[in-house]
Amino acid sequence: SSAMPYKRLVQVGRIVLINYGPLLGKLAAITEIVDQNRIQIDGPCSGVTRQIINLKRASLTDLTIDISFGARQKTVAKAWLAADVDGKWGKTAWAQKRAAKVRRTTMTDFDRFKLMKAKKRRSHVLNAETSRLLKEAKKAKA
């Protein structure tokens, strides 16, 4: 059986992450497919107004909501909340990586210092435990 190679299809109800422009980093749902390059999106729960954007400015996510072609804003909002899009998105590795990147960029010098000290402590504990286990293994062999 030949399985489909793609899992994220451009389809009505697919949740997209906007990757360019003033709405960078916001989620929206595809409400219509205009042509090969453009889609109409709407994100009533994420502050994205209904608009037509180029597909290159949107990254397809694994999430979908159950809406029909050209659904009204209220319908999209209802389906968005019913599918708990924000909750599911927050649990994805993609969203967590983006949040970690934001956290790193907003760190102060003192935060970076505390992080360095914590990493040193963790490293010290790991090295001590590793060397202890290696010594025990050597004793057991002898």
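Only this structure's heavy atoms are used, side chains among them; waters, hydrogens and symmetry mates stay out.
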Please report the closest heavy-atom contact between [X] and [Y], naming both atoms and the distance.
{"X": "Tyr20", "Y": "Leu24", "answer": "N-CD1, 3.7 Å"}
{"X": "Ala29", "Y": "Val76", "answer": "CB-CG1, 4.3 Å"}
{"X": "Ile65", "Y": "Ala83", "answer": "CG2-CB, 3.7 Å"}

In Å, rounded to the nearest 0.5 Å, how long is the span from [atom1] of [X] to [atom2] of [Y]?
{"X": "Cys45", "Y": "Lys26", "atom1": "SG", "atom2": "NZ", "answer": "12.0 Å"}
{"X": "Leu126", "Y": "Arg121", "atom1": "CG", "atom2": "CZ", "answer": "13.0 Å"}
{"X": "Arg98", "Y": "Thr92", "atom1": "CZ", "atom2": "OG1", "answer": "10.0 Å"}

Just so I know, are the side chains of [X] and [Y] near enough to count as touching, which here means a heavy-atom distance under 4.5 Å?
{"X": "Val16", "Y": "Ser59", "result": "no"}
{"X": "Arg72", "Y": "Thr75", "result": "yes"}
{"X": "Ile30", "Y": "Gln40", "result": "no"}
{"X": "Leu115", "Y": "Arg112", "result": "no"}
{"X": "Ile67", "Y": "Val12", "result": "yes"}
{"X": "Gln36", "Y": "Leu55", "result": "no"}
{"X": "Ile53", "Y": "Arg38", "result": "no"}
{"X": "Asp42", "Y": "Pro44", "result": "yes"}

Answer with yes or no whether the hydrophobic clustering places Trp80 together with Phe69; edges join I, L, V, M, F, W, Y residues whose side-chain heavy atoms lie under 4.5 Å apart. yes

Same cluster (ILVMFWY, side-chain, under 4.5 Å), Ile33 and Ile18: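 Shared cluster, yes.
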
Sequence neighbours excluded - salt bridge (Lys or Arg N to Asp or Glu O under 4.0 Å) pairs with any residue from residues 85-96: none

Stepwise side-chain contact (heavy atoms from CB on, under 4.5 Å) check, Val48 with Gln51: CA-CA 8 Å; Val48 177; Gln51 58 193 284; 3.8 Å; yes

Would you check if the side chain of [X] reaches a backbone N or O of [Y] as a donor-acceptor pair within less than 3.5 Å?
{"X": "Arg14", "Y": "Leu9", "answer": "yes"}
{"X": "Ser123", "Y": "Lys119", "answer": "no"}
{"X": "Thr64", "Y": "Gly13", "answer": "no"}
{"X": "Arg57", "Y": "Gly21", "answer": "no"}

Decide if atom CD of Glu136 counts as having more than 12 heavy atoms of other residues, nucleotides or ligands within a radius under 6.0 Å. yes

Take Val34 and Ile39 through the test side-chain contact (heavy atoms from CB on, under 4.5 Å) and record every step on the way to the result. CA-CA 5 Å; Val34 179; Ile39 53 174; 5.8 Å; no

Looking at Leu60, Val85, Ile41, which hits side chain to side chain contact (heavy atoms under 4.5 Å, CB included) with Ile15? Val85

Check against side-chain contact (heavy atoms from CB on, under 4.5 Å), Trp89 and Leu17: CA-CA 10 Å; Trp89 171 249; Leu17 177 73; 4.1 Å; yes

side-chain contact (heavy atoms from CB on, under 4.5 Å) between Glu129 and Leu133: does it pass, once the steps are laid out? CA-CA 6 Å; Glu129 187 64 18; Leu133 289 170; 4.2 Å; yes

Taking NZ, NE, NH1 and NH2 as the nitrogens, is one of them in Lys7 or Asp62 under 4.0 Å from a carboxylate oxygen of the other? no

Taking atom types as modelled, is there a side-chain donor on Thr108 or Asp111 under 3.5 Å from an acceptor on the other?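 Looking only at side-chain atoms, Asp111 and Thr108 do form a donor-acceptor pair, the distance falling under 3.5 Å.
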
